[in-house]
Protein chains: 2
Amino acid sequence: MSPEKHHHGNLREALITAGIELLETGGLEALTLRKCAAKAGVSHAAPAHHFNGLISLKAAIIARCYRMFSASMDAKSRQAEASPRAQLLAICEGYLAFSRDHGALFQIMFQPKPKALANVNPQILDELNAESSKSYMILRTACAPFAPVGGHDQGTEVMVWALVHGYAVLFANQPDKETPAGTLPEFAHILPDLPLRN
Amino acid sequence: MSPEKHHHGNLREALITAGIELLETGGLEALTLRKCAAKAGVSHAAPAHHFNGLISLKAAIIARCYRMFSASMDAKSRQAEASPRAQLLAICEGYLAFSRDHGALFQIMFQPKPKALANVNPQILDELNAESSKSYMILRTACAPFAPVGGHDQGTEVMVWALVHGYAVLFANQPDKETPAGTLPEFAHILPDLPLRN
DNA sequence: GCTCAATACTTGACAGTGTCAAGATGTAAG
DNA sequence: CTTACATCTTGACACTGTCAAGTATTGAGC
């Protein structure tokens with residue numbers, strides 16, 4: 001149970017940290033099992049004893065990314081005033097700030113993970129689902145004060161999520177890319193006016 | 001200039017077609033230079049004479065994908081009535097239908113392509129930009145009848161694009177994934193009411 | 001018809017990648 | 001001390017993209 005167990009200490013966390021560093025500095029395709037192992041100072045096959053292949057390491061990395069993601073939204077939320085609209089905008093600004101400041105992390109989080117996810121350790125998968133649910137709950141809570149869009153229970157959160165995620169993917173996440181013609185409106189200008197409940 | 005030039009004929013187009021087939025059947029990571037070459041019946045190094053590396057083949061594939069993408073939106077547009085709202089919804093339905101029916105193509109189209117794009121043949125890059133601009137113009141035309149959202153010139157098209165793209169990425173493109181809690185509202189229900197110009 | 005240069009393709013190699021099998025090494029319990 | 005076990009290393013394999021060198025086909029000039 002002690003953190004200093006064997007040769008290395010806690011290799012598991014070191015590999016996740018190494019992976020995030022690789023992503024931040026080199027982008028999506030810089031993430032490699034062997035480079036993570038080298039960065040952690042172990043041999044190329046060492047990770048296999050902690051992660052069920054590359055896909056499992058990715059899942060563990062993504063789980064930690066979701067924690068940073070939630071923190072980014074929470075931080076903006078705390079800085080904003082308490083009105084529902086200000087809170088919702090703050091959540092979205094946290095969403096967009098993360099996609100801007102941690103582009104590669106944002107990409108791997110929402111990159112479609114194919115059937116390969118079936119091979120990952122159930123414990124890691126559970127943690128991943130828990131963290132992503134937590135992030136979603138932040139958005140959902142910020143949407144709760146507003147009347148349901150389109151008369152559908154999940155209408156507001158689906159609309160806001162799609163809007164902010166599309167904005168992030170198309171514009172915020174790609175620093176160079178501008179709107180095909182002209183300047184880009186700020187997100188606050190394209191978020192529709194949402195009437196409050198009741 | 002004749003289409004039957006050398007051993008193979010027009011290997012260039014055959015490689016693009018092979019790549020699209022690989023994507024459709026095996027997903028993003030099934031696309032491989034060597035598999036494309038094998039599918040076209042040539043040796044593994046043959047593509048190098050037509051494409052400046054894998055990234056150039058990808059760019060050429062994406063250009064063809066944009067053509068299919070535009071066709072999908074155009075088809076829905078022609079089936080719909082002429083009212084601005086019906087036309088805009090039809091364009092979006094074409095957008096979503098493509099993301100559903102050609103998930104891997106949709107993914108590679110909007111996958112963030114890193115600095116590597118600098119290495120692709122300028123001619124291929126021009127074609128890619130031309131095709132993606134054509135697709136964007138379809139959306140822009142459908143947005144034109146509506147008053148600018150947020151008082152910004154590009155407000156409407158940016159809002160609609162972000163909304164439909166986010167919806168596609170988060171829901172339509174991932175067949176299994178449902179909204180985290182409950183059922184998913186249809187896109188028509190989350191597209192806000194947009195007042196016409198003037 | 002022949003020569004010759006250019007184009008299209010093949011073969012072979014190299015450094016990477018993920019993954020597996022087998023062995024070595026340290027840890028901890030009996 | 002011994003034994004079982006978790007951890008890590010070494011080595012191999014197939015696969016990837018890319019490069020260098022060689023071969024074959026095409027087409028133009030004469």
Side-chain angles (χ1 to χ4, degrees), chain A residues 1-16 18-19 22-23 25-61 108 111 113-121 123-124, chain B residues 1-16 18-19 22-23 25-61 108 111 113-121 123-124:
Chain A
M1 281 305 158
S2 78
E4 263 73 19
K5 290 198 76 174
H6 202 204
H7 298 72
H8 178 278
N10 49 355
L11 179 55
R12 207 194 109 102
E13 295 301 310
L15 287 169
I16 296 175
L22 284 170
L23 284 169
T25 61
L28 259 190
E29 54 211 19
L31 176 59
T32 282
L33 256 182
R34 291 170 110 106
K35 284 195 223 154
C36 286
K39 223 166 174 31
V42 295
S43 78
H44 66 264
H49 293 263
H50 295 269
F51 299 101
N52 189 10
L54 175 62
I55 184 62
S56 282
L57 173 57
K58 277 186 181 171
I61 288 175
I108 201 178
Q111 183 176 269
K113 313 149 207 50
K115 53 281 163 191
L117 264 191
N119 295 19
V120 7
N121 182 337
Q123 180 182 350
I124 297 177
Chain B
M1 281 302 161
S2 77
E4 262 72 20
K5 289 198 77 172
H6 203 205
H7 298 73
H8 178 278
N10 48 356
L11 178 56
R12 208 195 109 103
E13 295 301 310
L15 288 169
I16 297 175
L22 284 170
L23 284 168
T25 62
L28 260 191
E29 54 211 18
L31 177 59
T32 283
L33 257 183
R34 290 170 110 104
K35 284 196 223 153
C36 285
K39 223 166 176 26
V42 294
S43 79
H44 66 264
H49 293 262
H50 295 270
F51 299 102
N52 189 10
L54 175 61
I55 184 64
S56 282
L57 173 56
K58 276 186 182 172
I61 288 175
I108 201 178
Q111 185 176 267
K113 313 153 208 46
K115 52 279 164 196
L117 263 192
N119 293 21
V120 9
N121 182 335
Q123 180 182 351
I124 296 178

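Since we're looking at a predicted model, the values are computed, not measured. Just so we're on the same page: letters track the sequence lines, and every chain starts at 1.
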Exercise. Side chain of A:His44, base of C:dG16: donor and acceptor closer than 3.5 Å?
Worked result: no
For this session: Whole angstrom is fine here: how far is it from CG in A:Asn10 over to C1' in D:dT7?
Result: 14 Å
Problem set entry | Gap separating the CZ atom of B:Arg34 from the OG1 atom of B:Thr32, nearest 0.5 angstrom | 9.5 Å
For this session: Among D:dG17, C:dT10, D:dT9, find the nucleotide with the atom closest to the side chain of B:Ala46.
Result: C:dT10
For this session: Quickly work out the A:Leu54 CG to D:dC15 P distance and round it to whole Å.
Result: 18 Å
Problem set entry | Euclidean distance, A:Leu31 CG relative to A:Leu57 CG, rounded to 0.5 Å | 6.0 Å
Exercise. Just how far, in rounded Å, is C1' of C:dG26 from CG of A:Leu11?
Worked result: 15 Å
Exercise. Whole Å only: how far is the CD atom of B:Glu29 from the P atom of D:dG17?
Worked result: 13 Å
For this session: Enter the distance from A:Ser56:OG to A:Gln123:CD here, rounded to the nearest 0.5 Å.
Result: 10.5 Å
Exercise. C:dG16 P sits how many Å from A:Leu33 CG, rounded?
Worked result: 16 Å
Exercise. Looking at the side chain of B:Ala45, which of C:dT11, C:dA21, D:dC8 is the nearest nucleotide?
Worked result: C:dT11
Problem set entry | A:Ser43, nearest nucleotide to its side chain (from C:dT11, D:dT18, D:dT10) | D:dT10
Problem set entry | Gap between atoms CG and P, on A:Leu57 and C:dT17 respectively (whole Å) | 14 Å
For this session: Side chain of B:Lys35 only, please: which of D:dT16, C:dC9, C:dG18 is the nearest?
Result: D:dT16
For this session: Please evaluate the base of D:dT18 for a donor-acceptor partner in the side chain of B:Arg34 within a cut-off of under 3.5 Å?
Result: yes
Exercise. Starting at NE2 of B:His50 and ending at P of C:dT7, how long is that distance when rounded to a whole Å?
Worked result: 12 Å
Exercise. What is the distance from NE2 of A:His49 to P of D:dT10, rounded to the nearest Å?
Worked result: 13 Å
For this session: Check the pair B:Leu33, B:Phe51 against side chain to side chain contact (heavy atoms under 4.5 Å, CB included), reporting the backbone distance first and the verdict last.
Result: CA-CA 10 Å; B:Leu33 257 183; B:Phe51 299 102; 6.0 Å; no
Exercise. Is it true that a side-chain atom of B:Asn119 and a backbone atom of B:Asn52 form a donor plus acceptor pair closer than 3.5 Å?
Worked result: no
